[in-house]
Amino acid sequence: MIKAVRGTRDLFGEELGYKRWIEAAAGQVLEAAGAQEIETPILEEAPVFEKGVGPTSDVVQKEMYAFTDRGGRRLVLRPEGTAGVMRAFLEHGMKVRPAPVKLYYRGPMFRAERPQKGRYRQFYQVGYEAVGLSEPAVDAEAIALLVDLMKALGLQRFVLKLGTVGDPEDRRRYNAYLREVLLPHREALSEDSRVRLERNPLRILDSKDRGDQEVLARAGVRPLFDFLSEAAKAHYRAVKGALKALGVAFEEDPRLVRGLDYYVRTAFEIHHPDLGAQAALGGGGRYDGLTALLGGPSLPGVGWAVGTDRVILALKAEAIPAPPGPAPLLYLVPLDAEAVVEALVLAESLRPRLPVELAYTPRKPGKGIREAERRGARYVGFLGEGERARGTISVKDLVTGEQQELPREKLGSWLEAL
RNA sequence: GUGAGCGUAGCUCAGCUGGUUAGAGCACCGGUCUGUGGAACCGGGGGUCAUGGGUUCAAGUCCCAUCGCUCACCCCA
């Protein structure tokens, strides 16, 4: 039997109900703040991410689905949303719009990782970007909107983590410092962290390895915050101040590290305690200068993405039900063979104004009622010999048990009047 | 990419130290019930026991390989 490829899933029923609900809620929350939806292609040229996300990031180095097309172009299935949106932003000259330009997107992303709980090779994100202003208030608003979305869905047990990763120069200084302090402890570090020491020492900070954390404590590593410029520190304080004014609760995490190279200054993540190892529902930060990496003018920006699949896990963990799927108002039951087409004609005359389903072979009434209940219909309509003779339909309310006989031409207006 | 656990009906699972026709519950279809309710009872359909090889008189059961799933590492949404 042919199955869906590893790490991909078929979405239907309850799962799809959750996804559509999350996307609709995001649209409402974000459009109320002036954001416009944008859909960019799933396929992009590889440099969009190599330059945008950063050549040293794991996402680009080992997680991209990449191939060469017939024209010799190197294409990739997008691994994240921001870089493509920024490419589109530049391509369409959106910088002439009043700043900040607020955009949101949703759709599938692809990463060639080993699947596990909350992690898939094709996964779905909803993301938000605000481009063109470096004001801390824009950061705070973006974060508030992310929290608004969580609240709009009824989620309660999430935690907002806030930190700052500084500007690129700050980070360069800090990375140099980390190499210097940790090099004497190199042998005590985990294998992974010894590699990080070369590539990206910052990542050692959020290592899950207990030994690594002991090394950090023993070496007396100073926090990144000490290495920030005054401007970056002031920015961080301003964001915190705005969040407090907004009443948005957050936990400061000085070791918050983001995996995509383009982040500067503000960084944040939303965590949920019941998701297993992949606890981040979403995250984001500021990415001033990303547009320059893509070959455009250097523009400030801030944004985030949430993993729809993980939000679904969180909703389930908090026992928040998916919205009900479609159900007919009326289920038509033909009682004899002649009534089948009558029922079909009647159903079509009521649609699409009213959702109506029917049985396609004659049924005994009791069975018809069971089927109607099974489909979630409120009313069941019987068409038999007597109804045909009188030009009527017998309509039974499955909640009250009341039944009445109506002229067929009155059925539509009667149902609509309910 | 690394590690561990697990693959028996659509779903959840049982199947003893290998033993003869592979089971249950739920779901589905039909009947009891020829124009009226979710119950109950009776019956029915549905399985290459993940795949391939091996051991054995005999393999769902033991061994090996492959594939897949799950969780964790890594990474991140």
Side-chain angles (χ1 to χ4, degrees), chain A residues 1-9 22 53 56-64 78-82 106-127 146 190-193 195-196 199-200 203 206-210 212 256-260 263 267-272 275-284 303-314 331 333-336 339 361-377 380-388 394-403 405:
Chain A
M1 179 105 75
I2 300 176
K3 300 204 284 188
V5 324
R6 177 167 221 196
T8 72
R9 298 154 304 146
I22 293 162
V53 174
T56 64
S57 66
D58 279 39
V59 169
V60 168
Q61 281 214 325
K62 49 186 202 194
E63 295 170 5
M64 284 207 301
R78 63 182 182 195
E80 62 101 50
T82 302
R106 63 193 159 131
M109 307 293 163
F110 301 82
R111 255 120 95 162
E113 300 180 278
R114 191 101 164 224
Q116 68 183 79
K117 185 175 184 180
R119 189 168 79 182
Y120 310 97
R121 291 185 167 181
Q122 174 173 340
F123 60 102
Y124 296 84
Q125 287 188 337
V126 172
L146 175 54
S190 66
E191 200 180 319
D192 285 326
S193 285
V195 176
R196 293 177 180 127
R199 282 231 330 258
N200 191 0
R203 292 233 69 111
D206 69 343
S207 170
K208 286 179 189 171
D209 187 280
R210 187 167 295 174
D212 287 348
L256 194 62
V257 174
R258 307 250 61 222
L260 278 29
Y263 284 113
F268 51 92
E269 282 180 4
I270 296 253
H271 285 247
H272 198 280
L275 296 198
Q278 310 303 322
L281 287 179
W304 46 255
V306 291
T308 308
D309 313 278
R310 290 185 186 175
V311 174
I312 292 172
L313 290 176
Y331 184 70
V333 176
L335 298 173
D336 58 29
T361 56
R363 292 281 189 280
K364 292 177 200 169
K367 189 162 166 48
I369 288 171
R370 278 196 293 278
E371 287 179 353
E373 284 165 340
R374 181 77 205 284
R375 282 161 221 260
V380 64
F382 297 108
L383 293 168
E385 213 179 330
E387 287 83 0
R388 179 155 51 246
S394 295
V395 180
K396 186 182 183 78
D397 182 332
L398 292 176
V399 174
T400 65
E402 287 167 27
Q403 180 167 327
E405 202 168 338

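In the text below, chain A, chain B and the rest are named by the order of the sequence lines, each starting its count at 1.
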- With P as the reference atom in both, quote the distance from B/G5 to B/G44 in angstrom, rounded to an integer. 42 Å
- Touch check for A/Leu335, heavy atoms < 4.0 angstrom, all strands: base, sugar-phosphate only, or nothing? base
- To the nearest angstrom, the CZ-C1' distance between A/Arg370 and B/C28 comes to 13 Å
- Message: Salt bridge check, A/Lys396 against A/Glu402: does any charged N sit closer than 4.0 Å to a carboxylate O?
- Response: no
- For A/Glu113 and B/C76, what is the distance between atoms CD and C1' respectively, to the nearest whole Å? 6 Å
- Quick one: do A/Glu371 and A/Arg363 make a salt bridge, cutoff under 4.0 Å? yes
- Is A/Phe123 stacked on the base of B/A77, with ring centres under 5.5 Å apart and planes under 30° apart? yes
- Query: With a non-hydrogen cut-off below 4.0 angstrom, is A/Gly283 in contact with a base, only sugar-phosphate, or nothing?
  - Reply: sugar-phosphate
- Task: Please state the C1' separation for the pair B/A77 and B/G45 - nearest whole angstrom.
- Result: 44 Å
- Is a side-chain N or O of A/Arg119 found less than 3.5 angstrom from the main chain of A/Arg114, in a donor-acceptor match? yes
- Please tell me which of the listed nucleotides, B/C75, B/G35, B/A77, lies nearest to the side chain of A/Pro365? B/G35
- Message: Both distances below 3.5 Å, Watson-Crick or wobble geometry, any strand: find the nucleotide opposite B/G19.
- Response: B/C57
- C1' spacing across the pair B/U21 / B/A27, given as an integer number of angstrom: 25 Å
- Query: Roughly, in whole Å, what's the span from OH in A/Tyr263 to C1' in B/C76?
  - Reply: 10 Å
- Separation of A/Arg375 atom CZ from B/G38 atom P, in whole Å? 17 Å
- Message: Could you tell me how far B/U2 sits from B/A65 if I compare only their P atoms? Round to whole Å.
- Response: 15 Å
- From B/C75, B/A77, B/G37, pick the nucleotide closest to the side chain of A/Glu373? B/G37
- Item | Flag, side chain of A/Ser193 to backbone of A/Ser190, donor-acceptor distance under 3.5 Å | no
- Item | Any donor-acceptor N/O pair under 3.5 Å between B/G35 base and A/Glu387 side chain | yes
- Note on the structure: For B/U2, the nucleotide meeting Watson-Crick or G-U wobble distances (both under 3.5 Å) is B/A72
- Query: What is the distance, rounded to the nearest whole Å, between atom CZ of A/Arg196 and atom C1' of B/C76?
  - Reply: 13 Å
- How close or far is atom C1' of B/C75 from atom CD of A/Gln125, stated in whole angstroms? 14 Å
- Message: Whether A/Lys364 contacts B/U34 is assessed here as follows: a side-chain N or O lying under 4.0 Å from the phosphate OP1 or OP2. Is that the case?
- Response: yes
- Note on the structure: Partner of B/A24 under the Watson-Crick or G-U wobble criteria, both distances under 3.5 Å, comes out as B/U12
- Item | Test item: A/Arg78 side-chain N/O and A/Phe110 main-chain N/O as donor-acceptor pair under 3.5 Å | no
- Message: Please compare A/Ala112 and A/Val59 by the position of their nearest nucleotide in RNA chain B and report the one closer to 5'.
- Response: A/Ala112
- Short N-O contact, A/Asp336 and A/Arg388, less than 4.0 angstrom: yes
- Looking only at atom C1', what distance separates B/U66 and B/U20, rounded to whole Å? 31 Å
- Taking only the side-chain nitrogens and oxygens of A/Arg203, find out if one of them lies under 4.0 Å from OP1 or OP2 of B/C76. yes
- To the nearest Å, how far apart are A/Leu383 CG and B/G35 P? 15 Å
- Describe the nucleic acid contact of A/Glu385 in one word from base, sugar-phosphate, nothing, applying a heavy-atom distance below 4.0 Å. base
- Task: Please measure how far the P atom in B/G25 lies from the corresponding atom in B/A14, and state the result in whole Å.
- Result: 16 Å
- Task: Searching all strands shown, indicate the nucleotide that pairs with B/C67 (Watson-Crick or G-U wobble; both distances under 3.5 Å).
- Result: B/G7
- Message: Under 4.0 Å between a side-chain nitrogen and a carboxylate oxygen: does that hold for A/Asp309 and A/Arg9?
- Response: yes
- Does CD in A/Glu385 sit with more than 12 non-hydrogen atoms of other residues, nucleotides or ligands closer than 6.0 Å? no
- Message: What's A/Thr308 touching, base or sugar-phosphate or nothing? Going by heavy atoms closer than 4.0 Å.
- Response: nothing
- Task: Please figure out whether A/Ile369 or A/Glu269 has its closest RNA chain B nucleotide nearer the 5' end.
- Result: A/Ile369
- Task: Write down the partner of B/U32 under the Watson-Crick or G-U wobble criteria, each distance required to be under 3.5 Å.
- Result: B/A40
- Mind checking the P distance from B/A24 to B/G47? Whole angstroms is fine. 15 Å
- Query: Atom CZ of A/Arg78 to atom C1' of B/A77: distance rounded to whole Å?
  - Reply: 13 Å
- Using the P atom as the reference point in each nucleotide, state the distance between B/C67 and B/G30 in Å, no decimals. 44 Å
- How long is the span from the CD atom in A/Gln122 to the CZ atom in A/Arg6, to the nearest 0.5 Å? 15.5 Å
- Contact letters for nucleotides 65-72 of chain B, in which S counts primed atoms plus P, OP1 and OP2 and B counts the base, heavy atoms under 4.0 Å: ---SS-SB
- Whether A/Arg310 side chain and A/Ala280 backbone form a donor-acceptor pair below 3.5 Å: yes
- Message: Any base atoms under 4.0 Å from A/Asp336, or only sugar-phosphate, or nothing? Heavy atoms, all strands.
- Response: nothing
- Query: Across the strands shown, which category fits A/Gln403 at heavy-atom distances under 4.0 angstrom: base, sugar-phosphate, nothing?
  - Reply: base
